[in-house]
Every structure is written in structure tokens, then in C-alpha cells.
Undergrad: 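Got a structure here, written out as C-alpha cells. Questions coming.
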Protein chains: 2
Amino acid sequence: MPYINLDAIDLKILSALQGDGRLTNNELADQVGLSPSPCLRRVRRLERDGFIRTYRAVLDRESVGLGLTVFVEIKVEKHSRDNARALQDALSGMPEVVACHMVSGTADFVAEIVVPNLKAYERMLTEKLLTLPMIGDIRSNFVLTRAKSDAPLPLSHLKRDVRAVGVAPDCE
Amino acid sequence: MPYINLDAIDLKILSALQGDGRLTNNELADQVGLSPSPCLRRVRRLERDGFIRTYRAVLDRESVGLGLTVFVEIKVEKHSRDNARALQDALSGMPEVVACHMVSGTADFVAEIVVPNLKAYERMLTEKLLTLPMIGDIRSNFVLTRAKSDAPLPLSHLKRDVRAVGVAPDCE
DNA sequence: AGTGAAAACCGTAGCGT
DNA sequence: ACGCTACGGTTTTCACT
């Protein structure tokens with residue numbers, strides 16, 4: 001794993017855009033202590049080099065009628081590499097699966113599934129999940145209350161570079 | 001739970017903004033078949049009424065040096081309401097915890113924790129998690145491969161309204 | 001690398017439909 | 001409710017430091 005090529009200003013940019021993805025370039029330049037042109041160049045570089053994957057409106061699940069989130073633990077039937085791969089692809093391809101990870105522990109995969117209600121989850125389970133041949137075992141963990149989700153990533157581990165900047169933390 | 005007050009155009013707007021949060025209002029208006037003014041009015045309404053929670057740059061975890069994601073299953077020590085509440089607040093307050101849910105099943109909470117590496121997780125665990133008095137049991141599930149994450153929400157369950165629109169699906 | 005200016009573009013409000 | 005027009009601000013490029 002190569003090391004990271006970000007200075008203190010890049011970090012500020014990432015942090016600011018993570019907090020508000022619709023910041024205008026002018027506002028952003030202001031916050032990071034740069035004039036608009038070099039600021040824009042940096043943003044484009046961060047986009048091109050894959051630091052910024054995309055920009056997204058974060059929707060409220062309940063408001064748009066998605067009242068049920070389920071964490072599904074899945075075990076692969078026969079632990080072949082092909083089965084695991086096929087399962088991962090099948091899960092990732094489903095729009096209801098908003099996240100899917102291969103994990104250590106008792107399960108092989110954890111999928112986060114978002115649906116309108118229990119009825120919809122029942123259909124999802126019986127029609128799309130249980131019909132997958134490579135599935136060995138499924139355990140559904142229903143979300144009772146969502147305390148936190150879609151939170152920004154913690155970027156403080158990069159802060160070692162920030163000491164180089166003599167600007168006040170919040171000059172807005 | 002009240003019903004949803006979104007027509008086919010609102011749905012298109014949400015869907016488009018979920019796919020690209022930096023769409024200009026002009027581009028958006030174009031895609032949904034509206035002129036800019038009513039389009040902007042709708043977006044503002046969707047923001048005000050809480051359908052759109054925020055806009056965010058989605059960063060690449062590996063690129064910014066966050067190589068390790070862990071799903072932590074946590075049981076509350078004594079199953080009192082206060083303990084559960086205190087634990088939930090403590091977890092939600094940690095920046096490394098990017099998601100935290102109370103769930104049914106064997107665990108009480110599932111927290112998604114993002115850190116640079118194993119060493120950082122060890123410190124997180126010993127210094128911040130295990131020192132919480134209301135924790136009964138912890139099981140750490142390390143993410144081996146991330147197949148999908150930060151995906152857009154599935155909005156197809158609202159598509160019943162879309163039949164009213166006679167525009168081609170993709171006229172860009 | 002960063003700065004500053006100029007042109008094209010966009011967001012927004014107001015009025016008319 | 002949608003659409004048009006117009007003004008002010010923003011994005012973006014380009015030449016210069």
C-alpha cells in the first residue's frame with residue numbers, strides 16, 4: 001500500500017467537501033485559504049486520482065418510504081472461491097443491497113439491505129436471496145433504531161500535515 | 001407513518017441528485033423535463049422537507065488511508081434502557097464510527113468502524129470501546145473485501161407514479 | 001506551484017401564463 | 001403549478017508572477 005500524497009490543503013478540501021458536497025469553488029477556496037483557481041485545480045486532481053469517488057445527495061430513508069434496514073449475515077454453501085465470488089456479485093448487483101462486505105467471523109458476507117417494510121423484505125428474502133444456490137445460511141438482523149448512518153469518514157489521522165498551516169481553524 | 005407526497009418528477013430529481021450531487025440546476029431541469037425555475041423550487045422543497053438530508057463528497061477509503069473497516073457487534077451489559085441509550089450516544093459520538101444501529105438478533109448494536117489499520121483498531125478497541133462500562137460483549141468482524149458501499153438508495157418502489165411521464169428514460 | 005482578470009455559465013427572484 | 005426574462009454571482013480559462 002503506497003503512501004498518501006496529500007498536503008494540509010488537500011485534507012481541508014476533502015474534509016470540507018465531505019461536509020458539504022455543494023460548496024461552491026469560491027466558498028471552498030475561502031475556507032482553505034486559496035484563491036479559486038488553484039483550489040479548483042486541486043479539486044479536479046482529487047477527483048481524477050480517485051480520492052473523491054463521487055458526489056451524492058444523501059436522502060432520508062424514512063422520508064422516501066424506505067422504513068426497514070436489515071443487516072443480513074450470509075454463509076457460503078460450499079466454501080469454494082467461485083461460489084464466494086458469484087455470491088458477492090449477485091448481492092452487489094441488487095439495488096436493495098446498499099452495502100456488501102466479505103467479513104471475518106462467523107458469517108462470510110454481511111449485506112445491508114434497504115426496503116420499504118417487512119412485507120417487501122419477505123419478498124426480497126424468498127424471491128431473490130433464498131433462490132441463490134450458493135447460499136448456505138442466512139441470519140437477518142433487523143435495524144430497530146438507526147443512531148448514525150452515512151456519516152463522513154474520520155480524516156484526523158492525516159492531521160499530522162496540518163501543523164504546517166498557520167491559518168486559524170475557522171476564519172469564515 | 002404518513003404517506004409520501006412525491007410525484008414522478010420529484011422522484012426523478014431525487015434519483016438524479018443521488019447519482020450526482022453536483023448536477024447544476026440547469027442540467028437537472030433538463031433531465032427531469034422541467035425548466036430551471038420550477039425545478040429549483042422543487043429541489044428547495046425536497047431539502048426543506050427533509051427528503052434530502054445533505055450533499056456529500058464520497059471519498060475512497062483506501063486512498064485517504066483508511067484501510068480497515070470493522071463491523072463490531074456489541075451487547076449491552078445490563079439490559080437497562082439507560083445503558084442502551086448511553087452506549088448508543090457514546091458510539092455515535094466517535095468519529096471512527098461511521099454507522100451505528102440497534103438491531104434484533106444476538107447483538108444489541110452493530111457499529112461500522114473505519115480506521116487506518118489493525119494497529120489503530122487495537123488502540124480504538126482497548127482505549128475507547130472496552131473502557132465503556134455499559135458494554136457486555138464485543139465481537140469484531142473485519143472486512144476482508146468491500147464489494148459495495150455508499151451505494152444510492154433503491155427508489156424503484158416509488159415508480160408507480162412514473163407511469164404518468166411520457167419521456168424517454170435516458171435522453172441525455 | 002499561486003494570482004488576477006475576463007468570458008461563459010449558472011442560480012435566483014419576479015412577473016406573466 | 002410551469003415558464004420566461006434579467007440580474008448578480010460563480011465557474012472556468014488564460015496570461016502573468
Side-chain angles (χ1 to χ4, degrees), chain A residues 3-59 63 158 160-169 171-172, chain B residues 3-58 63 158 160-168 171-172:
Chain A
Y3 213 60
I4 306 169
N5 205 13
L6 297 172
D7 67 9
I9 295 181
D10 292 321
L11 171 58
K12 280 191 176 189
I13 290 175
L14 290 175
S15 189
L17 286 178
Q18 209 186 191
D20 180 1
R22 297 218 65 150
L23 275 178
T24 68
N25 185 53
N26 280 358
E27 293 167 328
L28 184 61
D30 224 52
Q31 288 192 21
V32 305
L34 235 49
S35 58
S37 321
C39 183
L40 184 62
R41 271 199 297 268
R42 279 169 182 264
V43 171
R44 288 292 116 90
R45 183 175 72 80
L46 292 168
E47 291 169 355
R48 268 197 309 97
D49 295 353
F51 294 96
I52 297 174
R53 276 175 39 196
T54 185
Y55 298 87
R56 185 154 283 165
V58 180
L59 308 185
S63 298
L158 298 170
R160 276 164 292 156
D161 288 1
V162 175
R163 50 125 186 75
V165 180
V167 187
C171 14
E172 152 60 10
Chain B
Y3 212 57
I4 307 169
N5 205 13
L6 297 172
D7 67 9
I9 296 180
D10 293 321
L11 172 58
K12 280 192 175 188
I13 291 175
L14 290 175
S15 190
L17 252 20
Q18 210 186 190
D20 180 0
R22 296 218 66 151
L23 277 178
T24 68
N25 184 52
N26 281 359
E27 292 167 326
L28 183 61
D30 225 50
Q31 289 193 20
V32 305
L34 236 48
S35 60
S37 323
C39 182
L40 184 63
R41 275 196 293 264
R42 279 166 180 265
V43 171
R44 288 292 114 91
R45 183 175 71 81
L46 293 169
E47 291 169 354
R48 268 198 309 96
D49 295 354
F51 294 96
I52 297 174
R53 274 176 40 196
T54 186
Y55 299 87
R56 185 154 283 163
V58 180
S63 299
L158 298 170
R160 277 163 290 157
D161 288 0
V162 175
R163 50 123 186 79
V165 180
V167 186
C171 13
E172 151 62 9

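Just the heavy atoms: all of them, side chains too, but no hydrogens, waters or symmetry mates, feed the values below.
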Undergrad: Does a side-chain N or O from A:Arg42 land closer than 4.0 Å to OP1 or OP2 of C:dA1, or not?
TA: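 So the side chain of A:Arg42 is outside the cut-off, no N or O lying under 4.0 Å from OP1 or OP2 of C:dA1.
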Undergrad: Between atom CG in A:Leu40 and atom P in D:dT12, what is the gap in whole Å?
TA: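 Between P of D:dT12 and CG of A:Leu40: 5 Å.
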Undergrad: A:Arg22 side chain to B:Leu23 main-chain N or O, any donor-acceptor pair under 3.5 Å?
TA: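 The answer is yes, because a donor-acceptor pair under 3.5 Å joins these two groups.
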Undergrad: Indicate yes or no for a side-chain donor-acceptor contact from B:Asp49 to the backbone of B:Phe51 under 3.5 Å, with no hydrogens or angles considered.
TA: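 Flag not set: sc B:Asp49 to bb B:Phe51 has no pair under 3.5 Å.
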Undergrad: In this structure, how many angstroms lie between the C1' atom of C:dC10 and the CZ atom of B:Arg22, rounded?
TA: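 So the CZ-C1' distance, B:Arg22 to C:dC10, works out to 13 Å.
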Undergrad: Write down the distance between CD1 (A:Ile9) and P (C:dT3), rounded to a whole number of angstrom.
TA: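 Rounded to whole Å, this separation is 9 Å.
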Undergrad: Shortest non-hydrogen contact from A:Tyr55 to A:Gly21?
TA: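 Of all heavy-atom pairs spanning A:Tyr55 and A:Gly21, the closest is CD2-O, 3.8 Å.
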Undergrad: Pick the closest DNA chain D nucleotide for B:Ser35 and for A:Thr24 by heavy atoms, then say which residue is nearer the 5' end.
TA: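 Upstream on the strand: B:Ser35.
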Undergrad: Rounding to a whole Å, what distance do you find between A:Arg41:CZ and D:dT12:C1'?
TA: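 So the CZ-C1' distance, A:Arg41 to D:dT12, works out to 11 Å.
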Undergrad: Find the distance A:Asn26:CG to C:dA6:C1' and express it as a whole number of Å.
TA: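 Rounded to whole Å, this separation is 14 Å.
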Undergrad: If you assign A:Pro36 and B:Ser37 each to the DNA chain D nucleotide with the nearest heavy atom, which residue ends up on the more 5' nucleotide?
TA: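 Counting from the 5' end, the first nearest nucleotide belongs to B:Ser37.
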Undergrad: With a 4.5 Å limit on heavy-atom distance, are the side chains of A:Leu14 and A:Leu158 in contact?
TA: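 No. Closest side-chain heavy atoms not under 4.5 Å.
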Undergrad: Using whole Å, report how far CD1 of B:Ile13 lies from C1' of D:dC2.
TA: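 So the two atoms are 13 Å apart, to the nearest Å.
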Undergrad: Report the distance from atom CG of A:Leu34 to atom C1' of D:dT10, rounded to the nearest whole Å.
TA: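 Roughly 17 Å, once rounded to whole Å.
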Undergrad: Please state how far atom CD in A:Glu27 lies from atom P in D:dT11, giving the value in whole angstrom units.
TA: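 These atoms are roughly 7 Å apart.
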